[in-house]
Amino acid sequence: MSGFLHVTGADFAAVAPEMVLCLAATLILLLDAFARPLRSYLPYVALASLAIANLAGRDVTGTFFSGAVEVSGFTRYMELVALGAVALAILGGAAALERDKRDQGEFYALLLFAAAGVILMVRGGDLLVVFIGLELMSLCLYVLAAWYRDNPAATEAGMKYFLMGALASAFLLYGVATIYGRLGTTSFAKIQGLASTPGLVAFDTMLAAGILAVVAGLAFKIALVPFHGWAPDVYQGMTTPAVAFLSTAPKAGAVLVLARVLHALFPAGLGDPWRPLLAILAVLSILFGNIVALSQRDLKRMLAYSGIAQMGYVTIALATFTTDALEGAGVFLAGYLVTNAAAFLAVAALSSGENEPKLLSELAGLGRRKPLAAAVLTLSMLSLTGLPPTVGFIGKLLVFRAAVEGGLVPLTIVGVFGSLVSVGYYLRVVYHLWMKEPAREVSLVPDDVLSGAAFLLTAALMLLWGVFPRALIDVARQAAGALLGR
Amino acid sequence: MTGVLSGVAPMAVPPGAYLVVGTLLFAIGLAGALLKRNALSIFLSIELMMNAVNLLFLTYARMRGDMAGQMIVFFVIAIAAAEASIGLAIFVALFRARRTVDVDKIALLKW
Amino acid sequence: MPALSGELVVFTIASVLAIGFALAMVVQKTPVRSVLSLVVTFMGLAIFSIQLAAPFIAVLQVFVYAGAILVLFLFVIMLLNLSQEATDEDTRPVQRWLGLVAALGLGGLLSGAALRAPLPQGAAPARTPLGDEIPAIGRLLFSDYLLAFEALSFLLLVAAVGALLLSKKRFE
Amino acid sequence: MNQLWLIPVLPLAGFLLNGLVALLFASARAEAERDADQPKARLPYAQRLFHGVVGVGSVGLACVLSFAALVPYVLESLKSHEGLAPVVQHVYTWMAAGDYSVDVAFRLDALSALMLSFVTFVGTLIHVYSVGYMQDEEGFGRFFAYLNLFMFAMLTLVLADNLPLLFVGWEGVGLCSYLLIGYYYDKDFAVAAGKKAFIANRVGDLGMVLGIFGIFALFGTADFSFVELAKRAALAPGSHISVYAVCLLLFLGACGKSAQVPLYVWLPDAMAGPTPVSALIHAATMVTAGVYLVARCSAVFVLAPDALTLVAWIGAGTAIFAATIGLAQNDIKKVLAYSTVSQLGYMFLACGVGAFSAGMFHVFTHAFFKACLFLGSGSVIMSMHHEQDMRKMGGLASRIPHTFRTMLVATIAIAGIAPLAGFFSKDMILGSAAASGHWGLFAVGLFTAFLTAFYMFRLVSMTFWSAPRGDHHAHEHAHESPATMTVPLWILAGLSVVAGLVGVPAALGGSDRIGRFLEASVARPEMHEMSHAAEIGLMALSLAVAAAGIGLALSWYRKASGPVEAVSPQADAFFAKTGALGRIVANKWNVDEGIEALVLSPFRKIGTFLWRGFDALFIDGIANASAFLVELAGDLMRFFTTGHVRNYALAFSLGALVFVLYVWVR
Amino acid sequence: MNYQPLGADLLTTLVFLPSLGALVLALAPGESKAAAKVVGIATSLLTFAVSVVMFRSFDAAAPGIAGFAIDRPWIPRFGVRYQLGVDGLAVALILLTTVLTVSVLLVACGQKIDRFKGYVAAFLVLETGMLGSLVALDVLLFYVFWEVMLIPMYFIIGIWGGKRRIYATMKFFLFTMAGSLLMFIAILYAAGVHSRATGLQSFSLVDWTRAASSGAWGLAPGVEALLFGAFALAFLVKVPLWPLHTWLPDAHVEAPTGGSVILAGVLLKLGTYGLLRFAWPLFPHAAARYGPFIAVLALIGIVYGAWVAAAQKDMKKLVAYSSVSHLALVVLGIVAGTGAALSGAIFQMIGHGLTTGLLFLLVGVLYERRHTREMADYGGIAARVPVTTALFLIATLGSVGLPGLNGFIGEFLILGGVFQVNIAWAAIAATGMVLGAIYLLTLVQKVFWGPETVAANRGLTDINGWELAGAFPLIVLIVLLGVFPRPLLNLVDGSVKALQKPAATATVTAVEAAR
């Protein structure tokens with residue numbers, strides 16, 4: 001039983017990243033409101049805060065706030081992913097918002113808050129904290145989804161995302177309640193303690209239902225079939241730079257939390273109903289995502305379905321649930337972050353306006369007009385296809401290898417079939433960019449420094465990690481090891 | 001993290017009853033979420049689901065004589081309020097843009 | 001024991017009310033009525049909270065939910081004056097029937113599970129006057145739940161900003 | 001000892017020189033006359049001089065070299081009893097892989113010496129002849145380049161010390177015949193004929209190649225030392241192919257090259273090429289390569305008597321078959337072509353009955369008189385301004401006397417009238433056929449002799465005697481060819497008279513030198529000697545038969561004065577009696593039509609079907625269909641995302657429900 | 001013997017030099033064609049020079065794939081290595097690759113090509129991919145290069161191709177990828193089995209071959225069959241073997257000249273190379289068991305390809321189908337596995353690369369001028385383009401397998417080797433000689449001989465300097481290899497011996513020595 005306010009400085013140091021982000025966000029809000037002339041510097045403030053948060057998060061480990069947060073290599077990995085995602089979204093977003101005359105301050109602020117939420121969600125050592133982090137993130141995303149609130153599509157996206165999100169939260173909460181009821185605690189540490197002593201926890205129908213509810217709630221954030229319905233609509237309606245964030249960090253966060261939950265409940269490894277369950281989710285997502293993406297004509301929708309499929313591959317790793325598998329998942333997610341963000345930023349740069357539909361056909365002949373963006377988009381398509389020498393290949397390599405080692409060869413076969421199908425639509429983008437003459441002229445925004453930087457950065461990472469993956473793999477391995485305590 | 005619920009008597013009503021009621025309310029909320037057409041009504045039903053879950057939390061807490069459940073409920077209520085404000089704001093914006101909040105009329109983004 | 005029976009009676013009435021009005025909320029044609037019927041349900045829930053030795057929560061329940069949120073709902077409904085809006089009943093048979101299947105199925109299964117699940121009995125010291133747990137809650141908020149509490153504050157900030165932003169008419 | 005490899009290499013050099021220069025001028029000409037019609041102009045004198053000198057010079061030099069090499073060799077071997085050891089010169093190792101190792105090595109022995117002699121000599125003459133014959137051609141240089149290349153290939157074939165190298169020459173001559181037949185590349189029939197020749201040859205070469213591997217399998221080597229092994233019947237142990245099969249395969253190759261039934265079809269068409277080509281390639285040298293091959297491998301064939309018998313009968317069949325067709329041809333070159341086929345049949349007949357040296361002897365003599373005939377016909381054609389139809393000729397004897405006389409001599413020679421070359425060789429063949437006891441073969445041969453005599457004198461009569469027909473004007477202006485053409489004619493005519501003397505049989509007091517000379521290289525299976533009396537009897541018989549043929553021909557055509565369409569009433573009357581048979585014969589037994597109907601058109605049809613049907617419809621069908629199905633699935637499944645948020649919620653809940661059930665039942 | 005011409009070790013230099021040039025082009029601003037010409041030609045020539053240096057200093061006597069071996073960790077986590085090395089076979093194919101790339105770029109300089117810079121860059125990247133897969137000894141590394149090849153080729157066909165280029169390029173991409181993806185899984189599985197069996201985490205071909213030969217791998221027959229199937233499928237699609245061949249005609253027809261040349265010249269060879277390097281040595285028992293089945297497919301392919309080629313009206317399609325037929329012969333030789341057959345197969349790989357490459361190059365020369373590939377649109381142009389005609393004739397004859405040109409050596413040795421194993425196979429395969437003559441001579445006849453029928457051809461210009469420069473090395477090699485095949489045969493002799501040895505133990509010992 002803990003006394004009154006007995007938190008130490010170490011506790012606050014531990015949550016420094018979240019605090020930095022939240023405070024920076026608040027600062028931005030204030031500047032935006034009261035220091036108009038400084039507005040043009042807001043993106044840089046945001047970026048700076050990211051840098052600071054990153055530094056603040058370095059080499060802290062342990063549990064703090066009496067178990068409310070657990071900081072480890074695992075959570076550190078998530079921090080990097082989240083910060084990276086926000087950075088890219090901001091870099092790419094500035095130009096688009098400028099072009100469309102949309103308020104920016106809150107945009108950055110909410111992105112930072114969302115990042116804080118993701119980080120908190122993954123660091124949470126207690127289901128309650130996880131839930132709060134998740135809600136913090138979600139609320140920001142709801143608002144960002146409806147950012148272009150005068151735009152019918154955007155508001156619709158916001159509405160759909162919000163309603164589904166709320167439903168998912170309810171399910172998640174039900175699961176938390178049940179777990180709490182059956183195990184008497186919501187703390188991962190305690191749950192793991194109970195679960196690791198055999199016979200102590202009876203996995204009866206009640207608990208199973210609870211766990212399932214949690215899985216469903218997180219699968220919704222990851223957008224796995226059949227909990228994916230929102231994704232295409234939201235991607236399509238949401239402002240593109242924000243999608244660059246939405247489609248990466250939250251998914252990654254949800255995946256890691258799921259891994260955390262599963263590991264806490266099944267320290268000895270996934271048992272019978274759960275591994276096949278995840279396998280089913282993976283197969284459904286891979287097949288549905290890839291096949292439906294094939295018939296999409298709207299770029300962002302297509303990328304949404306592709307994202308569903310990509311998360312299917314990650315789910316293969318979850319189903320395998322060995323150190324190698326989680327390491328693979330980590331690498332895959334990092335690669336997916338860079339690649340997907342690059343793709344969406346390129347889409348933003350290659351479109352004439354946020355309110356315009358982003359049709360594949362609009363890309364025709366842009367290879368000549370905007371070589372950099374087009375090249376980056378091409379590269380990311382290749383990476384999503386999983387072709388060497390891009391990071392996409394490395395991710396698939398690790399995941400598939402782990403799955404094969406784990407005896408899930410059938411899953412990998414489904415996976416490669418999916419990849420084969422995916423060639424169809426990923427290369428269609430390339431075809432439009434380089435091999436097709438434009439039907440009509442599209443007016444484009446002039447290249448700006450920030451997005452240019454984003455493009456060079458992502459391109460560099462896609463290739464660098466594809467050719468020299470060692471560093472990335474080592475980090476991911478540490479993360480996985482930290483989670484599984486190996 | 002725990003806080004023991006200071007002295008409570010053994011429950012008169014079998015806890016299972018509370019759980020069943022809570023679960024039923026959850027299901028009813030779900031039904032509302034699935035069957036209503038008005039965005040607000042749907043969200044309303046979801047709020048009901050949340051409250052149902054709260055009931056479960058309280059029941060478990062009571063059964064275990066444990067504070068944690070109540071604390072969670074406390075937070076959930078707050079979060080629900082926040083959600084509500086955002087959600088309703090979204091609905092307002094939606095209504096401005098589309099002159100309706102009937103979700104069956106709102107399917108611009110599809111397929 | 002009469003006291004127990006009394007508790008049981010209260011429980012029964014409350015649950016009938018809660019469930020009944022919950023159902024009413026679902027079947028009501030107009031949003032306003034739905035909201036109002038939900039108020040009753042929440043009252044019932046408040047009663048449960050008291051019975052479950054969580055009076056503070058009960059109060060919150062009444063204040064926040066019934067008092068704040070539902071009122072907010074009513075405001076919005078008025079604002080968009082949805083009362084004129086087309087009735088709220090379902091016109092999509094597939095959705096309706098499958099929805100019922102899902103809801104009833106989950107409800108049945110889960111409550112069945114709830115009944116069958118072996119429930120642990122917590123330690124139960126002698127009864128003390130209500131309200132003693134409020135200080136405990138306060139203490140916990142500033143000790144174990146401090147982080148959550150801080151996070152919550154930012155969450156509310158986001159909610160405020162977001163709501164403000166979304167309901168603004170013009171862009172700057 | 002001088003270097004054998006120089007002999008083939010010299011013409012090769014000539015080819016390169018001529019070829020490059022010709023190509024240069026050709027492309028310059030193409031540049032000059034772009035967008036314009038290209039007049040067929042005769043080349044400037046300087047160019048013709050260059051090509052002529054290079055062409056003739058290289059071959060002539062090769063000829064000199066080879067005689068320098070072979071004359072001493074021949075004399076030596078004739079002195080010695082059982083012949084001289086072959087001279088073998090290794091140049092370098094061509095390829096070596098696995099169990100196969102092939103050297104580029106040249107060999108001079110009796111056989112190759114014999115071939116070498118007339119190949120180089122006749123070759124040179126024909127080169128000289130061509131200088132005159134081709135003078136008006138704008139492709140003069142190209143022609144000589146091809147011709148030189150041919151000489152290179154032919155000499156390689158003759159001198160090769162192993163079968164693969166021989167095959168190089170073998171294919172090389174095939175290529176050159178393709179190029180030279182198609183020399184008039186803007187004439188469809190010429191090009192088609194060339195292709196036909198090459199492909200027909202390829203069919204043979206298919207057998208040839210497999211035969212070579214067979215030899216490898218049988219003897220462990222393919223250089224001609226295997227002949228010695230074969231003579232000792234020393235087969236490699238455990239070879240997985242029978243001698244019989246190998247012989248058949250090799251013989252298939254020979255059939256292709258030497259135009260035996262059924263692969264003879266290309267040779268008549270080959271006449272589309274310039275006449276010197278017909279003389280050199282399709283009469284004197286290349287077509288006899290098949291006989292040379294069989295003689296080379298005689299020792300092997302002897303090990304498989306059945307194969308020999310087959311060879312004999314194919315030869316005999318070809319001989320009479322081609323002869324019958326020859327009867328009814330009116331194109332002067334076609335007559336000669338079929339006569340060539342028939343004579344080649346004779347040679348194989350000889351080989352088949354084991355008289356390989358007789359076969360080679362006939363090759364030798366045939367080279368001279370048939371070359372002479374062709375060159376003569378060329379001279380005739382030129383004088384008639386490229387008219388080849390004998391029905392439009394007649395009475396040219398006085399107009400072109402040299403041509404007439406030389407051709408007459410050659411005709412007598414081929415008809416087998418003693419003591420000209422043809423008599424001895426043909427008689428040796430018939431003799432050995434009889435000696436070997438194959439009276440059937442003997443009969444066929446005899447009858448063929450009769451036919452040969454007939455159609456050859458028919459040719460002479462229709463061309464030089466009989467009344468002038470056709471274009472009067474052309475007849476008036478018919479003029480004798482230049483010396484570059486007549487001199488070779490006379491030389492060849494002379495040789496057709498004396499060439500036989502190298503093989504005068506003992507019966508006539510000779511000593512069959514050639515037979516003894518060749519013994520060193522070819523096998524001579526045991527056959528019981530006939531008495532000289534019997535031999536002389538046979539000779540008399542064959543002479544009589546030949547005389548009969550000549551007589552009939554003269555009686556029908558000598559004084560024939562009919563119009564173009566019916567030159568000789570008697571002949572027509574006779575053929576009318578033969579009825580359908582006659583028509584079929586006149587129609588070359590409808591062989592080409594048959595091949596077209598039974599082989600070529602099905603081939604084309606099936607090919608098109610496989611392409612359009614199997615590839616495009618079946619395989620691609622499967623590929624495209626599966627792609628289409630996936631697309632279709634996408635186009636249908638996308639509608640699960642209805643755009644109605646409640647459906648998403650429903651999917652969510654149902655998913656949860658189903659999974660709960662799943663988790664519980666597991 | 002490890003030369004370091006440009007700082008890095010020889011093989012690394014060789015492989016990445018071209019992409020360095022590509023990088024220069026990519027970063028260089030502007031669309032200057034001249035600059036692109038200089039960079040492209042210079043890079044390819046330099047690469048060729050490096051390959052020659054390698055060839056000169058390569059010790060053919062040294063057994064196995066030890067040449068210039070490099071071995072560095074790449075993904076040490078599970079033992080993926082940056083392991084390069086060459087044997088005679090690889091050296092031969094490398095030389096072919098570098099030569100053909102030079103030719104292609106030279107020809108490109110002489111023709112009108114839009115987005116020239118990208119064109120050159122694509123070919124340079126492609127060269128890196130090809131060379132990489134030729135020198136990679138680590139199976140995964142090989143797979144990486146193998147896939148990298150797809151991308152530039154996809155662009156080459158897709159951007160600079162003909163009318164139906166998109167269909168063609170997608171077909172090419174999907175067919176090839178479908179094959180290789182299964183191989184990918186197979187590789188991972190094999191690695192797993194290997195590490196469990198030997199306790200050594202490695203993707204190195206060397207280790208695997210050792211395991212396979214020493215039986216330490218201990219693959220169950222069924223498993224080995226499946227793995228072999230996956231590998232063989234990937235490579236046979238690339239070859240392509242009947243009935244997996246239908247992508248080839250489309251790809252060839254639609255590809256630009258250079259694309260066809262490289263496709264026919266090198267990419268197809270990488271299929272057979274893969275068979276020789278991986279499928280056969282790694283899974284000897286399965287190869288032995290299922291070889292005959294592949295042989296039957298090959299026999300069908302020989303006849304089928306030739307037969308269909310004879311029915312073509314489009315020059316490129318005809319040549320493409322001829323490739324199907326010729327490569328099937330190579331596969332047959334590989335299956336036969338005797339010394340002669342293997343040498344012949346390898347020789348034929350090179351020979352076919354040169355002859356067919358030249359054929360496509362010359363067809364491209366005509367296409368550049370008349371923008372049609374229909375034979376009917378030509379005819380009787382010999383007098384207009386004498387030089388082209390002469391070159392085309394030589395290429396054709398080389399392809400027909402005329403003795404004295406390179407085509408014959410390969411054909412002869414393959415047939416000879418097959419004959420030792422199975423006379424019937426040899427007999428059927430030999431029909432390819434006849435059929436080949438039929439369709440190729442028909443091609444020459446319809447295009448060059450005959451009367452000049454089409455007026456448009458009167459303005460036809462002969463092959464120009466750049467194109468001639470591109471074609472020249474090929475002609476020279478075609479003749480030289482036909483007359484003096486020994487150097488090449490000796491070069492590959494070591495590889496052949498290694499392949500003949502049961503499960504290629506030579507490889508192992510060699511690289512042991514190299515380490």
Should we count CZ of Phe25(D) as having more than 12 external heavy atoms under 6.0 Å?
no
Taking side chain to side chain contact (heavy atoms under 4.5 Å, CB included) as the definition, give me every residue that meets it alongside Ile619(D), ordered by chain and number, with sequence neighbours left out.
Phe614(D), Asp615(D), Pro243(E), His245(E), Thr246(E)
Let me know which of Val479(E), Leu481(E), Thr396(E), Leu480(E) forms a side-chain contact (heavy atoms from CB on, under 4.5 Å) with Leu405(E).
Val479(E)
Is it the side chain or the backbone of Ala627(D) that comes within 4.5 Å of chain E heavy atoms, both, or neither?
neither
Ring centres under 6.0 Å, that's the criterion: do Phe172(E) and His252(E) meet it?
no
Of the listed Val104(D), Asn624(D), Ile212(D), Val203(D), the one with the largest count of heavy-atom pairs under 4.5 Å with chain E is Asn624(D)
Name all pairs fulfilling the salt bridge (charged side-chain N to carboxylate O under 4.0 Å, His left out) condition that reach into residues 397-423 of chain E, sequence neighbours left out, sorted by first residue then second.
none
Taking every non-hydrogen pair under 4.5 Å, which of Val168(D), Leu610(D), Asp99(D) racks up the most with chain E?
Leu610(D)
Look at Ala309(E), Ala430(E), Gly380(E) and state which one has the largest set of heavy-atom pairs under 4.5 Å with chain D.
Ala430(E)
In a check of ring pair (Phe, Tyr, Trp, His ring centres under 6.0 Å) between Phe412(E) and each of Trp94(D), Phe167(D), Phe213(D), which one passes?
Phe213(D)
At a heavy-atom separation under 4.5 Å, does Leu24(D) approach chain E through its side chain, its backbone, both, or neither?
neither
Would you mind listing every salt bridge (charged side-chain N to carboxylate O under 4.0 Å, His left out) that reaches into residues 194-217 of chain D, with sequence neighbours excluded?
Glu171(D)-Arg202(D), Lys196(D)-Asp269(D), Lys196(D)-Asp592(D)
Interface residues of residues 421-429 of chain E facing chain D - heavy atom cut-off under 4.5 Å
Ile423(E), Ala426(E), Ala427(E)
Name the region of Thr442(E), side chain, backbone, both or neither, that has any atom closer than 4.5 Å to a heavy atom of chain D.
both
Is it the backbone or the side chain of Ala217(D) that comes under 4.5 Å from a heavy atom of chain E, or both, or neither?
side chain
May I ask you to establish whether Arg486(E) and Tyr92(D) are in a cation-pi arrangement, using a distance under 6.0 Å from NZ or CZ to the six-membered ring centre and at most 45° from the ring axis?
no
